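All remarks here apply to the structure that follows.
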Amino acid sequence: MIPAGQAVAPAAAVLARSSRPTPDALASALSHAFLAADDWSKPALMTAGTGILGARRRWLGPLATHVLRSYHRPPTDAPRELAAVVLGSEAFGEALEKAARQRRPITLVRYAAEPAVARAARVPRLDTLAELAEVLDLSVGELEWFSDPGQWNRTASSRRLQHYRYQWRSRPGRVPRLLEIPLPRLRGLQRTVLRELLSPIPLHDAAHGFVSGRSAVSGAALHAGTEVVVNLDLAAFFAHVSPGRVYGVLRQAGFTEAVAHRLTGLCTHAVPVGVIAEMPPGGEPGDRFALRKALATAHLPQGAPTAPMLANLALRRLDSRLSGWAGAFDAVYTRYADDLAFSGGTELSRRADAFVRGAARIVADEGHSLNRLKTRVHRAGVRQSVTGVVVNTRTNVARPEFDRLKAVLHNCLLLGPEGQNRDGHDDFRAHLLGRIAWVTSVNPDRGAKLRAVFDAISW
């Protein structure tokens, strides 16, 4: 990914100064010409370069060789990245130096149109920052402030200049969790991005968390009644999704480079050093160091409305690879946020340890790591669960959870609800309805029995 501050001129700008183009403009024009070539070969690239330069230059051959070594296939979705490769090549640099010495600048006689980018279904076309700003109801200056391409906001010493507030959450025996909560204005912008720009992008079928029409129950149901269930957990899930992954998702969806950069800036964040220094105790030293490192670099902030969707999109390749790995063991794979679940028969049960090692290698190769304390292999003789749902024979709630809720409802019926609200819920009735609804979604028969008791309570 090209740093935000390194601008490479688009083709329109190349045309405007074609009589004496800058090195950036020349590199951009050559990149567009190469991408418009008849095929991705050295003769075709040299012919394309000759077409815009008006003559066959000796340095075009070495430049074409350098480009082909850098890309085995045309980078049609990254013309600016290709332009940077051209700009950094030895052959192009020597050509510029020679032209400067001889005072005979390299000129352009024509330019190639910028390559079209495939777009995900129903994703709106936004080619310029002005169009993005209009969708978000911002001025271009406000867009720059919130997307922060220069990372001024992230390094500001005063919290009044920052777009996030922070809450550390301690977890007994585990590394603390940091909630990065966007302030109201940025949160509103992120909700617009989620609704208007991200929602149309398709997800992998294995993703069941934060997806319309899918849930923890829909994912767990695919594992019911199997011989063995394997549970894995991704460590620091959101913090390990880098801006590069987010940018790649947006480019693949069809947004132009400039728009993808600003959207990435709106949806990623690096935590100030002072906030990281306030991390409460908990967890192993190695895990704490890994979390500090991840938070100090830009990542998906846990608390932003866009983070779950972008995490799902950024993990599409991981989902594809793990689905393929599961298929090799005749197993099924689903993911709910950071919870990875696999289930299968004899082959998976017999080689479960090898399966887990292979899955861990894939996870590491995709830039994530597993929480080793949450790795579980449960065979049919013990309780099997996926995202808190028991799946031994069918989806069900754990018996202790059901019995506790049943006892509370029974006591409410006999003694009245006032004395049963021991945790001080503001709306105890709504709290119980929510718990009953969860049981109903997992096991409708059990849910119906609990609802019958609830309806008999005198409120």
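Here the structure is a predicted model, which means the values were calculated and not measured.
Counting heavy atoms from C-beta outward, Leu198 and Leu250 have side chains that approach closer than 4.5 Å. Inter-residue side-chain proximity for Arg165 and Pro182 is flagged as unmet; no heavy-atom pair is nearer than 4.5 Å. The closest side-chain heavy-atom distance from Val397 to Val389 is not below 4.5 Å. For the pair Arg245 and Ser242, the minimum side-chain heavy-atom distance is below 4.5 Å. Counting heavy atoms from C-beta on, the side chains of Leu35 and Pro75 come closer than 4.5 Å. Using a 4.5 Å heavy-atom threshold, the side chains of Met279 and Trp168 count as touching. Residues Leu197 and Leu263 have side chains in contact (heavy-atom distance under 4.5 Å, counting atoms from C-beta outward). Contact annotation: the side chain of Leu340 approaches that of Leu234 to within less than 4.5 Å [non-hydrogen atoms, C-beta and beyond].
By the side-chain hydrogen bond (donor to acceptor under 3.5 Å, both in side chains) test, Thr128 pairs with no residue at all, sequence neighbours left out. Here Ser349 pairs with Arg379 under the side-chain hydrogen bond (donor to acceptor under 3.5 Å, both in side chains) rule; sequence neighbours left out. Residues meeting the salt bridge (Lys or Arg N to Asp or Glu O under 4.0 Å) test with Arg321, sequence neighbours left out: Asp365, Glu366. For Tyr333, the side-chain hydrogen bond (donor to acceptor under 3.5 Å, both in side chains) partners two or more places apart in sequence, or in a different chain, are Asp319. Listed by chain and residue number, His223 satisfy the side-chain hydrogen bond (donor to acceptor under 3.5 Å, both in side chains) test with Ser343 (two or more places apart in sequence, or in another chain). For Asp339, there are no salt bridge (Lys or Arg N to Asp or Glu O under 4.0 Å) partners, not counting sequence neighbours. Contacts of Glu97 classified as salt bridge (Lys or Arg N to Asp or Glu O under 4.0 Å), with partners at least two apart in sequence or in another chain: none.
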Exercise. Take Glu131 and Arg125 through the salt bridge (charged side-chain N to carboxylate O under 4.0 Å, His left out) test and state the conclusion after the steps.
Key: CA-CA 9 Å; Glu131 292 173 346; Arg125 184 181 185 92; over 6 Å; no
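Remark: aromatic rings of His163 and Trp145 are close, center separation under 6.0 Å. Ring centroids of Tyr166 and His269 are separated by less than 6.0 Å, placing the two rings close together.
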Pairs of donor and acceptor atoms involving the side chains of residues 206-219, under 3.5 Å and at least two apart or interchain, shall be tabulated with distances.
unit_1	atom_1	unit_2	atom_2	d
His208	ND1	Ser218	OG	2.8
His208	ND1	Gly219	N	3.4
Arg214	NH1	His204	O	3.1
Arg214	NH1	Ala207	O	2.5
Ser215	OG	Val217	N	3.2
Ser215	OG	Ser218	N	3.2
Ser218	OG	Ser215	N	2.8
Ser218	OG	Ser215	O	2.9

Side chains of residues 54-69: which donor-acceptor partners sit under 3.5 Å, not counting sequence neighbours?
unit_1	atom_1	unit_2	atom_2	d
Thr65	OG1	Lys42	NZ	3.3
Thr65	OG1	Gly61	O	3.1

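Residue pairs meeting the salt bridge (Lys or Arg N to Asp or Glu O under 4.0 Å) criterion with at least one partner in residues 268-283, sequence neighbours excluded, are Arg159-Glu278. Sorted by first and then second residue, the salt bridge (Lys or Arg N to Asp or Glu O under 4.0 Å) pairs involving residues 349-359 (not counting sequence neighbours) are Glu347-Arg350, Glu347-Arg351. Within the structure, every pair that satisfies the salt bridge (Lys or Arg N to Asp or Glu O under 4.0 Å) test and touches residues 169-191, not counting sequence neighbours, is listed here: Glu142-Arg185.
For the residue pair Tyr71 and Glu81, a side-chain donor N or O sits within less than 3.5 Å of a side-chain acceptor on the partner. Under 3.5 Å, the side chains of Ser41 and Asp39 contain a donor-acceptor pair of N or O atoms.
Below 30°, between 30° and 60°, or above 60°: for Tyr247 and His261 the angle between ring planes is between 30° and 60°, a tilted geometry.
Salt bridge status for Asp205 with Arg335: absent, with no side-chain N to carboxylate O gap under 4.0 Å.
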